[in-house]
Amino acid sequence: MNAPFTGQPLIRAEDIAHLTGRARFVDDIRPEGCLHAVIARSPFAHARLLGVNTASVEGLPGVVGVITAADFAELPAEIPIRLAPLAGFETFLQRPMAADRVRFVGEAVAVIVATSRFAAEDAAERLEVAYEPLDPVVTYDAARAGASLLFPAAGTNIATRYTAGMGDADAAFARADLVIERHMTAHRHTALPLETRGLIAHQEADGILRCWGSTKVTQWNRRALAVMLGRPEHSMDLIEVDVGGGFGAKGEFYPEDFLIPFAALRFGAPVKWIEDRREHLLTTNHSREMEATVAMAFARDGTMLGVRARISADMGAYVRTNGGVVPAKAAQFVAGPYRIRDIALEVEALLTNKTPVGTLRGPGRYEAHFFRERLIDLAAGQLGLDPAEIRRRNLLRPTDMPWSIGKLVPYEPASSIDSSDVPAAFDAALDALGYDALRDEVRKPRPDGRLHGIGLACFVESSGAGPSETARVELREDGGLRLISGVSTQGQGHKTVLAQVAGDVFGGAVPMDAIELRNGTASLIEGGFGTYHSRAVVVGGSAIHLAGQTLRAKLLRAAAARLQLRAEDLTLREGGLWREGGTQPIASMAELHAWMREAGEAPDATETFRPEGRTYTCGAHAAHVAVDTETGQVEVLRYVATEDVGKAINPLLIHGQAIGAAVQGIGATFLDELVYDADGQLLTGSLADYLVATATCFPNIETITLENAPSTLNPLGAKGAGEGGVVACAAAIANAIADALKPLGVEINHLPLGPDRLLRLIPETPA
Amino acid sequence: MSPAETLTVALTVNGEAVTRDIPARLSLADFLREELRLTGTHLGCEHGVCGACTVLLDGEPVRGCLMLAVQARGRAVTTVEGLAATDGTLTPLQAAFQKHHALQCGFCTPGMLMTATALLAETPHPTADEVRDAISGNICRCTGYVQIVEAVLDAAGTAP
C-alpha cells in the first residue's frame, strides 16, 4: 500500500503470531528452574487474622517456602495511589498482604512457593490460618453508619467527601419549570479480560530484577516497586509481553506485583504466579458500583438549566492505585454533552468489605451517562417533547467550542471540551436507526406480544491524558524504522497504528512492514507513562510523529550536506530520498543510514509530546429493543453507536474497538454482575455465575466513526477511540426498555437489566 | 491411584506421534502447554466455560482444561499450531481472521479458530446464525464477535 498510511484500514502486523499460536503471553514463558507461587486467601469478608501457621505446610512435598506479612513488616509496602488522590485516601491504602485483619474475601494472607503449581496448590489446601470473624460492611448505609469499621483507627468508613460545582445551581433550580430527581444505582462488575493476571519475577545473573507480565503503566509500577522493596529503580525492569486484554483492570500495581518479586528475591529463583479465574473475580479490580441522587432542572421548552448530583461510590475494602477516578469522573461527566452551566456536585467514597475498585473502560462515564440520560427521557415525557428533540435543543454546538466544563475534579485543573460536533454525531445515529419512521413503528402492537422501544443517549468522553509521552525513532541499517515508546499494549494494535503514524512522516519512504515497534518495557525509554485513558495513540502517537519529524529533518540536512544541495530541495517518499521534481530516487533509506554512519551522526531522534489539555470525543447511541413481558427477556434488535474520534488513524481497528466496546457495555448492562451476600461472600465466583456476552447475545451492533472535529491539541488531530463505545450503553438500553415498558408505567432507575430484574418491575398482567 | 501417579500416554499431536510419562491428574491443556510447549492453547477459566483451550480431538472440538491428558490416549489432537501449512501459509479461516480484524488481544483466538475449523469441516457453508451458535461457547472480550462471524462466513465463501 502507498502512503499516506494514516486513514487506511490496514490489517494488523501483530495478527500472524496470534493466529498461529506463537504469541508470548506471560504464562507461555518458563524460565529455567522456575518456582510456582500460589496465594492463600481469606475466606472471610471481615475478620481478625489471628495467625498463619507456616509450619503446617513447611516440609510438604515440593514446598520451598511460605511468605506472610511478617516477612516484610519493616518495608514501606503500602501500594500508592497512581491517579486521583483525594483527601483522606492515604489512611486506607492496601499493603500486599493482610497482617492482622482481613477486609475482603480473597485478600492475600500467605504466599506458598513450590517447585510446581500442583505442589503449591496441594500445600495451600493444608495451610492453617486462624481467623476471628467481624461484622462485615456490605451496604452503603452500613458503611456510612460505621457501626463496624474497616479501619478502626480512622474512625470512619468514609474514605472521602467533597463538593464541586460551577455556575449557580441554586438559581438555576429556582427558575426551573420542571425538576426531575431520582435515586439511581449502577451495579458492581468488572472488566474480565480473557487472560487473567500473571507475573514472573527473577533477579538474573546481571543483578537486575526482571518482572514479566505487568503491562499498562510499567514505569510507574517500577517506581512503586522500587520504593516498596527499598532498591533503586535502575536495578529492576518490567518487561512487556503479549497481554490478553486489559480494559483498565490489568496492569495496575496489585499486591502480587510486590509479592512475586519479593518471593523471587527471597528464594533466589524465578517465581511464576498465574491467577486463576476465581482469584481473578475475587481480587482484580471491580468497578461501577455507585448510588446517586441526581436532579435536573428544565425550562418549559426543554432547556436544561442545571444539574445536581449526590454520588456515593462503593470503593470496596481499600483505596487502590486508581484512587477516586470512578466517583470523581461520574460526577464530572454527569452534565454530559449539553449546554449546562450550573452544576452542584457532592461526592462520597465509601469503604465496604468487598474487593477494591479501580477503573474499567469509561470509568464513571458509563454510570454518569446512565443517570443523566434517564432523567432527560423522564423530562421529555413530562414536557411532551420527543426524546430526540429535547436532546437536540440542548446539545453543545460546534460554535460552543472550546466549552468549559469548569473545575469539577479536585485533583485536576479546570478542563474544556476541545472540539466537538455533537449534533452531527447525534443525527448520524438517528439517521442510521431510521428514527423518525421507527418512532411510530414501535408503538404498533406485535403478533408476538412483545413491547418495542427506542432508547437514545448522547455522550462526551475524555481521552489523551498527559502529562507527556516521549518517543524515539531510529533509522535501521536496512532502511527500516524502529519506534521506541513507553506506551503499553493490551491487544489494541499499536504496532500497526503507530507504524502508520511514523510511516507518513517519511512519506512512505519506509514501507509499513519495515517499521517495528518496541514499547512498554520500563527500561526502554525515559518518560513513558503507559496506556490508559485512551492515550496511547493520542499522546504516544504524537510523540512518535514529533520524533519522526526531527529525524526526517536531520536526515535531509545530512543528505544535503553530502550532496551539496539545499535540504529544502530534498524530500523523502516511496523509494527513499528524492530531489524535488526528480524522476528517480537519489538514495535508498539504507544508503541514507550508511551516509549518517560515515558522517558520524546518530540516525535517530527523541522527542517529548506534552498535550496542553485532554481531547474529548462525543457521540450518541441509539437502541431498538423488544421486551417480552412474560419472561423479562430483552432482544436488542438494532444498536447504533457513533463517535467522533477527530481523526481515524486506522478505521478498521477503530471499528473493532467501537463494536467490542459496545458489546462489552451492552453485555454489562444485562449480564455482568458481581453479587455479594449479606456476609460479604462473592456469589458469582466463576464464569458459570458471572455471565458475559457471547456470540449469540447481541449480533446487531452497528458503529459509525466520524471525523468532523479533529482535535486541536495534537499534531495528529486524534482523539481516543477505545471507550466511547461503552460509555452510553446502559443509558441507551435503559431508555429503550423504559420506552417499551412505558404503557405499563415502569421506570428504569437501577442496573443491571437482566430478566430477573425486569420481571420484578413489570406488573403481573391479569390472566 | 493417587493423583500424582505417573502414567504413560501415547497420542498424535498435529500429526506427530508423542509418548510421555505424565501425572494422572495432568489436564490435556497443561500437557500441551507444559510437556509439549505448545503454548497456543490458552487457559482462560479452567472450568470449561470460556473456550480458550479448545482443541480438536479426532476432529471434534473439546475443552483442553476439562479433559485429562491420559484420556487422549491413542487419539489425534490438533492445536492452533497445527492449522497453518508447514511453510507458514495460513488456512483460509486464519487469513479471514486477519482480513476482518477478528482478533484484538488474541487470547481467545486459538480456541475460536479450532471451534470454527470444526464447524466448517462439518458445515462448509454455514449461515450467520449457525456460526454464532457454533462459537457461542467461546468467550471473546475484545471484538464483540461481529468481525469473527464475518471472518468465518468469508472463509466459508458464504456471503454475510
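Below, read A as the first sequence line, B as the second, and so on, with proteins coming before strands; counting in each chain starts at 1.
Across all non-hydrogen atoms, the minimal contact from B/Q98 to A/D15 is CG-OD2, 3.4 Å. Here the closest heavy-atom approach between residue A/G245 and residue B/C105 is recorded as N-CB, 3.3 Å. Minimum heavy-atom separation, B/Q147 to A/I659: OE1-CG2, 4.0 Å. The minimum heavy-atom distance linking A/T20 with B/A84 is given by the pair CG2-CB, 4.3 Å. What you find for A/L19 and B/F97 is that their closest heavy atoms are CD2-CB, 3.5 Å. Nearest heavy atoms, A/P699 versus B/V146: O-CG2, 4.2 Å.
For B/L93, no part sits under 4.5 Å from any heavy atom of chain A, backbone or side chain. Only the side chain of B/V49 comes within contact range of chain A, with heavy atoms under 4.5 Å apart. Both the backbone and the side chain of A/F118 come within contact range of chain B, each with at least one heavy atom under 4.5 Å from a heavy atom of that chain. Contact of B/L113 with chain A is made through the side chain alone, with heavy-atom distances under 4.5 Å. Interface remark: B/E46 contributes side-chain atoms only to the contact with chain A (heavy atom separation under 4.5 Å). Contact of A/Q492 with chain B is not made at all, since no heavy-atom distance falls under 4.5 Å. Looking at B/F107, the atoms closer than 4.5 Å to chain A (heavy atoms on both sides) sit in the backbone and in the side chain alike. Neither the backbone nor the side chain of A/H280 comes within contact range of chain B; no heavy atom of the residue lies under 4.5 Å from a heavy atom of that chain. Contacts between B/T109 and chain A at a heavy-atom distance below 4.5 Å involve the side chain alone, from C-beta outward. For A/E14, no part lies near chain B; criterion is any non-hydrogen pair under 4.5 Å. Heavy atoms of A/A658 lying under 4.5 Å from chain B are absent altogether. Of the atoms belonging to A/I666, not a single heavy atom falls under 4.5 Å from chain B. Neither the backbone nor the side chain of A/R22 comes within less than 4.5 Å of any heavy atom in chain B.
Most heavy-atom pairs under 4.5 Å with chain B, from the set A/C697, A/G244, A/G491, A/A661: that is A/G491. Counting heavy-atom pairs closer than 4.5 Å to chain B, the top residue among A/D122, A/T489, A/I274 is A/D122.
The NE2 atom of B/H42 sits 8.5 Å away from atom NE2 of A/H18, with the distance rounded to the nearest 0.5 Å.
Listed for the B/R141 side chain is no donor-acceptor partner under 3.5 Å among the backbone atoms of A/A693.
Using a 4.0 Å cut-off between charged side-chain N and carboxylate O, B/R33 and A/D28 make a salt bridge.
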